[in-house]
Amino acid sequence: MHFPAIVALLAAALVAVAIPISQTEASFSVPVPTAQEVSTEAALTSVLRTQAESVSGILVGVGRADNASLTLEAQSAPGAEIIPQPLLSAVARLSARGALGGDGPPLSVPLNAKTVSFTLHERGIASSQVTAYDTVGDALAAAGVELGQFDQVSPPPDEKLTAGMHVHVDYATRVHLVYGTEVQIIETQARSIREMFAEQAIDVEASDMVFPDGSKSVREGMTVKVILVRTALVYEDVPVPFRTSTRYDYGIPMGQKVVQTPGAEGAARKTYEAKTVNGREVGRVFVGEEVIEPTNEVVLLGAKQPTIVPVDNGGAAPGEGECRQRMVVWATYYTAASAGGTITRTGTGVYKGIIATDPNVIALGTRMWVPGYGYGIAADTGGGVIGAHIDLAYGENDVYDWGSRTVEICILG
């Protein structure tokens, strides 16, 4: 490389440094030139959040500067006289571009529009702005202000922008909320955690645990944890079976049953106070019990006595096979399985020939003959065998050839 070229490049670098361009986002109020000072077209939208300190910097930022204007300013820098004219122009434009955001998208500026200056307040910083847009919202958008759902703007975005207006942007604070077992990110304008709960209609009860404390201030990116500690009444129902009561009815034939009142189960409702943490039960305390009484079943049992025909044998003892008396009874049958046991009241097994009777009507040990069944002996009793009712036993291997019916039996002598 030739020595003059090296000298020119070094000088260009010095000029780039010397050109008064700010590369820092405004942290204080910076005066912005009026439209007449910037362009004879009066067409500049000054929506610069990074404020340039020179006219050329502003023009480059909005795409309105030409090489001549930039070169003119660069020529005033120390050492500019030794740099070739094309190189000087390139350095000046590159410096101004870099100060205003590098490769970012160009600003959209309506030409030949009247400009309005206003003051933007955000995050405790005030900056002067110039725009050609009519409304607060459009001016903010052109200034690169991105608004979220819970961000607040005063005046409202749809209000007409006027000269000298102060526009305040209050950005929402993003908070990580752990509510029980749910995790979510919320945006809030509240100043304290307790105010945030009210603003967002978040149900927090006095028994819940909140970390940090509800009086603490809301900070960007903080995590608020709510442990749900709740109590509620729970009920446990235990069924109560009904009982069956039997009443004699002398208008119903002996042995027949009629259900007068159907039974219905009741329930014992036990009440507990259950404690839960984040929806999971951790304990309960018994509070009380309420019993819903069952409806007992009422059964009418026929007690109408059958006609008993005494046998007239002239007073002599009846012989073998002769009937001492006859009796009309209601006859059913049973097995060891249906009776729930294999031993009878008198200690015998359950097999054909064993007959269950009501001892008050037919005494145990009485021998009888039952048409269709055969000979048998009263050797058993049963809870349902009352009055003129007999129950005929069958063994495990017997043929069950009996159907419940009324029959006339012969009491043997």
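Remark: Ile185 CD1 to Thr223 OG1 distance equals 9.0 Å, nearest 0.5 Å. Note: Glu220 CD to Glu187 CD = 8.5 Å, rounded to the nearest 0.5 Å. We find the CG-CG distance between Asp203 and Asp208 to be 7.0 Å, quoted to the nearest 0.5 Å. Distance CG/Leu161 to OG1/Thr131: 7.0 Å, rounded to 0.5 Å. With values rounded to the nearest 0.5 angstrom, Arg324 atom CZ is found 6.5 Å from Thr366 atom OG1. Here the CG atom belonging to Leu392 is positioned 11.0 Å from the CD1 atom belonging to Ile354, to the nearest 0.5 angstrom.
Ion pairing of Asp237 with Arg269 is present here, as a side-chain N (NZ or NE/NH1/NH2) and a carboxylate O approach within less than 4.0 Å.
For Glu146 against Asp151, the heavy-atom pair with the smallest separation is O-OD2, 4.0 Å. When all heavy atoms are compared, the tightest approach of Met368 to Ile411 is CB-CD1, 4.2 Å. Residues Pro262 and Gln260 share a closest heavy-atom pair of CD-O, 4.1 Å. The nearest pair of heavy atoms linking Ala336 to Val350 is N-CG1, 3.6 Å. Contact between Thr344 and Ala379 at its shortest, heavy atoms only, is OG1-O, 3.4 Å. Of all non-hydrogen atoms in Tyr334 and Ala339, the two that sit nearest each other are CD1-CB, 3.8 Å.
More than 12 heavy atoms of other residues, nucleotides or ligands lie within 6.0 Å of CZ in Arg284, so this atom counts as buried by the packing criterion. More than 12 heavy atoms of other residues, nucleotides or ligands sit less than 6.0 Å from atom CD of Glu265. The local environment of CZ in Arg230 is crowded, with over 12 non-hydrogen atoms from other residues, nucleotides or ligands closer than 6.0 Å.
Inspection of the Thr332 and Asp391 side chains reveals an N or O donor paired with an N or O acceptor under 3.5 Å.
The closest donor-acceptor contact from the side chain of Thr271 to the backbone of Val287 lies at 3.5 Å or more, if one exists at all. Judged by distance alone, with hydrogens and angles left aside, the side-chain atoms of Asp358 form a donor-acceptor pair with the main-chain N or O of Gly387 at under 3.5 Å. Side chain of Tyr373 to main chain of Ala393: a donor-acceptor pair is present (N/O by atom type, distance under 3.5 Å, no hydrogens or angles). Side-chain N or O atoms of Asn278 include one that pairs as donor or acceptor with a backbone N or O of Leu228 at under 3.5 Å. Put simply, the side chain of Arg405 gets close to the backbone of Gly403: a donor and an acceptor are under 3.5 Å apart. For Asn296 (side chain) and Phe242 (main-chain N/O), no donor-acceptor pair under 3.5 Å exists by modelled atom type. With hydrogens and angles disregarded, no donor-acceptor distance shorter than 3.5 Å links the side chain of His166 to the backbone of His121. Although no hydrogens or angles enter the test, the distance criterion places a donor-acceptor pair under 3.5 Å between the side chain of Gln189 and the main chain of Phe150. With hydrogens and angles ignored, the 3.5 Å screen pairs no side-chain donor or acceptor of Thr162 with any backbone N or O of Met165. Looking at Thr173, its side chain never comes within 3.5 Å of a backbone N or O of Val218 through a donor-acceptor pair.
With Leu177 as the fixed residue, the side chain to side chain contact (heavy atoms under 4.5 Å, CB included) test singles out one of Lys225, Met222, Gln200, Gln184: Gln184.
Ring pair Tyr400/Tyr394 is perpendicular by interplanar angle, where above 60° counts as perpendicular and below 30° as parallel.
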**Message:** Set out, in order, the CA-CA distance, both residues' side-chain angles and the distance that settles side chain to side chain contact (heavy atoms under 4.5 Å, CB included) for Leu140 and Leu120, then state yes or no.
**Reply:** CA-CA 9 Å; Leu140 291 178; Leu120 173 62; 3.6 Å; yes
**Request:** Check the pair Thr188, Phe197 against side chain to side chain contact (heavy atoms under 4.5 Å, CB included), reporting the backbone distance first and the verdict last.
**Result:** CA-CA 10 Å; Thr188 179; Phe197 291 153; over 6 Å; no
**Request:** Check the pair Arg194, Ser215 against side chain to side chain contact (heavy atoms under 4.5 Å, CB included), reporting the backbone distance first and the verdict last.
**Result:** CA-CA 6 Å; Arg194 186 174 293 110; Ser215 62; 3.9 Å; yes
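Side-chain atoms of Ile186 and Val224, non-hydrogen and from C-beta on, never get closer than 4.5 Å to each other. Side-chain contact between Glu293 and Val240: absent, with no pair of heavy atoms (C-beta onward) separated by less than 4.5 Å. Between Val258 and Asp249, the closest side-chain pair of non-hydrogen atoms is not below 4.5 Å. In this structure, the side chains of Asp213 and Ile193 stay at 4.5 Å or more apart for every pair of heavy atoms. The shortest side-chain heavy-atom distance between Tyr375 and Arg367 does not fall under the 4.5 Å cut-off. The closest side-chain heavy-atom distance from Asp401 to Tyr333 is not below 4.5 Å. Using a 4.5 Å heavy-atom threshold, the side chains of Thr381 and Pro359 count as touching. For the pair Thr357 and Val329, the minimum side-chain heavy-atom distance is 4.5 Å or more.
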